[in-house]
Each structure stands twice: as C-alpha cells, then as structure tokens.
Amino acid sequence: MMKTSIKRMKSWKNRMAQWLSIVLIHCSLFTATSCIEPPLYLPAEEVLVEMPIVIMDMEIVWNVDVDWKTQWLYGWDVIDEEISGSINYPMPTNYEVRRYYLGSEPNQPHTREGMDGFTIFAPSFRRTYNFGYYDLLLWSNIDSPTGTQVLLVDDSSVDEVYASTTATRGMLNEIAGASSPVTGLYNQPEIFYSAYEQNIYISRYPEDYDYFDEEQKVWVKRVNTSLTPLVYIYLVQVILHHNDGRVVGVTGDAAVSAFASSTNVNTGHTGNRPCMVYFPMRMKQEIDYQDEKVDVIGGKLTTFGLCDMDGWRNNTRAEYMGTRTDLENKLYLTMQFSNGQEKTFNFPITEQCRSRAHGGVITIELDARELDIPTPGNPGSKNLFVPNLEDYENIDYDIPM
C-alpha cells in the first residue's frame, strides 16, 4: 500500500507540473492583469506579462459635461502645435516597472531587498515570481524628440515615488510686494501616466486563477487596474472685446500661480507646496464670437493640478476637494500695445481652476476699452520677469510660494 501511494503521488505531481508550466498575465489600461508564478515546484519559471494600452480621450479625463470644443474659442493651429505640442493626451511608448515582494502576508512594508525595477519598451515583459504577495507600480516615460525632459521622478524611497519639475527663468519677487530678490518660475511637467496595484497574490493552486489559456498553455489571473494621467491639460484663453487695435500682441510669457509643485506617482495625490508654472501664449485676431469679431490670446498649460488634491484615478469629480483653499490661482500675462508699450496684468482664475481640478478650459473675457494702457511717460512692466506688475481690477499681489 505504501509503494502504490508513493507512485501515485509522483505521477500526480508530474502531471500537474506539465499542466502548470507557465503563467500568462495581461495588464491593460482598464482591465490589467497581474503576474503569477507557475504552481507546484517551478518557482523559477518565467512569467509573460502583456499590457495593451488604450489612452482615453481628453473629454473623459477632464470629466466635463459640456463639449470643450464649444468653449475653446482660440483653436489650435500648426504654429501652436510647434510651440506647445498637441492638445491631446499622448500615447506612451515605454514604461518603468517597480515590483515589491511582500512575502506570505498582504499589506507588508516594502523593503529594498524585495524590490526590483526595470524598463519595458513593448507591451509585454518576462520576469520570475515567488509565491506570495506583490505590489506593482508602473509609470510611463517621456517621449521627447530631443531626448530631454523637465519632469523629475524620484524613486529613491521604496514606499512612495514622487514626481516634480524643474525651475525655469527667475521672476523678481517685487510682484508679490516682497523685498527678497527672486521668486522662481517652474516648467510645465510633461504628461505621463501611472498605475499602482497592491497585494497581488501569486498562488500555487489553479483554482485561484481566472482561466486557462489553451493557446499559450498558461493560467491567467486578472486584476482590475488603470493607467491614468498624473499631469492635466488646461487650455487658457483671454477674449478681448472691443479691442480695435489697442492690444497688438503678447510677449508670449505667461504663468499661473498656486499649482502643486509635485505629485505622488503611487496615488496621484498632489503635494502641498505651491509654485508658479510658466507657459507660452499667442494672440489671434478677428475671431467670430457671439455676433462679434474678437481677439483671443490662448495657450496650453500642463500641471500636476492644485495643491493637496486627489488624482483623477481616485476622484471622478472635477471639483477641488483639497484643503489648500487659502491659495489663489492667478494668470499673469504680458500684453503689447499699439503705442509700443508693454504691461503685465494678472487675472483671478481660482474659481475656474477649482471647478475644473483635473484640467479643462479657462476663459477670461475683457473689454479692452477698460484696460489701463501704459504710456511712454508711465510705462508698464517690460515682461513677466520684472517688477511693477499691475493688477486688473485692483487685485492684490499675494502669491504664496
């Protein structure tokens, strides 16, 4: 009896080893798949991961009820695209993967020994897995024609990865009524995406899998996840009524205050420290709008979002739900006038930013006849980076940095 039991046991193990030789994982934007180790005694077998990516359109990300194209009067032409790129969310081509082995119990802290990271350049990759629990973090890399980027990703911590952006040209702090020399302007972060799945269980047993792929001869386990943007697009426009040649152009320099200077790649939650983000704007003339010819100044702004804000993945509402209601968003813009003078104005846009916390169209409508045009004897500021900014409608220069 003992010999018969041993033979049957060996035969059963052999059949199971052949049956469960490899595991296939699918990871997609909306239905991603986790990675599982071959059961029984094959812990070193490689695992194939497939990740087809579908980038959602801008309307979905913005989560607005009104068609944005009816709100966006400025349009977008070839010159705009050369300066600021497309106004669509781009398709990434390669990704960073960070994998954290937790052991036999879920919700364990990440350790340096249990973490590995790698870059994938195709929608699939092979890696080995131990039985137990894993956390898996993925984020997209930046595709730049010049090979450069301003987005900085810090993955030195095993618990959380953070993204920030670099500083650009300085701006005199006198615009805030302060005497210290310089306040920084920050570059717009490039658009990128992330997904974070926790406590993925790598089981030894086939009943824990979702199905068996006959073609690949592998077992598949599905895990619902999503790759969502961590940087949002704002389309900013200033509509000039009754301009009649008063404003002839802009310097191209513009900035918005009180946006977050960083974001958490794991959660999408933005940092608490505000910064002023620089972006370019152009002017277009004689645009039809409500039975009137108007001039429009417009540009695209990318940002992590408002301070202390949940990412779009965790908050499907467009309204701001964070704690930094003490911060005010203002658009700073330098206009050029027909008399050869320039002046930098700022306009309050806090309410619009908070109602469109994950991006959207920001619109300011002005009657050009009411603008305080500088004269040769009383000039305005030369551009955004020198003092003496003058506020439209007497708004105070209180820029928290």
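FYI, side chains are in, hydrogens and waters are out, and symmetry mates aren't considered; it's all heavy atoms of this structure.
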Looking at K343 and D372, would you say the former's side chain and the latter's main chain have a donor-acceptor pair under 3.5 Å?
yes
So which pairs with a foot in residues 107-116 pass salt bridge (charged side-chain N to carboxylate O under 4.0 Å, His left out), sequence neighbours left out?
R99-D116
With under 30° as parallel and over 60° as perpendicular, where do the rings of H110 and Y196 fit, or are they tilted in between?
perpendicular
Polar side chain donor-acceptor pair, E319 to S355, under 3.5 angstrom
no
Is a side-chain donor-acceptor pair under 3.5 Å present for D154 with S156?
yes
Quick one: ring-ring contact (aromatic ring centres under 6.0 Å, His included) partners of Y133, sequence neighbours excluded?
Y201
Any chance the side chains of N264 and E160 put a donor and an acceptor closer than 3.5 Å?
yes
Could you check whether the rings of W76 and W72 sit parallel, tilted or perpendicular, using 30° and 60° as the cut-offs?
tilted
So, for E365 and Y289, which heavy atoms are closest and what is the spacing to 0.1 Å?
OE2-OH, 3.0 Å
Is there a donor-acceptor contact under 3.5 Å linking the side chains of T165 and N187?
no
Short side-chain donor-acceptor distance under 3.5 Å, T334 and D253
no
Passing candidate, side chain to side chain contact (heavy atoms under 4.5 Å, CB included) with V161, options T263, V265, T267:
V265
Using modelled atom types and a 3.5 Å cut-off, is there a donor and acceptor pairing between side-chain atoms of D143 and backbone atoms of T93?
yes
Checking side-chain polar atoms at under 3.5 Å, does Q237 have a donor or acceptor matched by the opposite partner on T363?
yes
For the pair D288 and K293, find out whether any cationic side-chain nitrogen is under 4.0 Å from an anionic carboxylate oxygen.
yes
Mark yes or no for whether Y101, through its side chain, and F131, through its backbone, hold a donor-acceptor pair below 3.5 Å.
yes
Exercise: do D308 and H269 side chains pair donor with acceptor under 3.5 Å
yes
Please check if the distance between the ring centroids of F259 and Y234 is under 6.0 Å.
yes
Testing the basics here: between P189 and V150, what is the closest heavy-atom pair and its distance to 0.1 Å?
CA-CG2, 4.3 Å
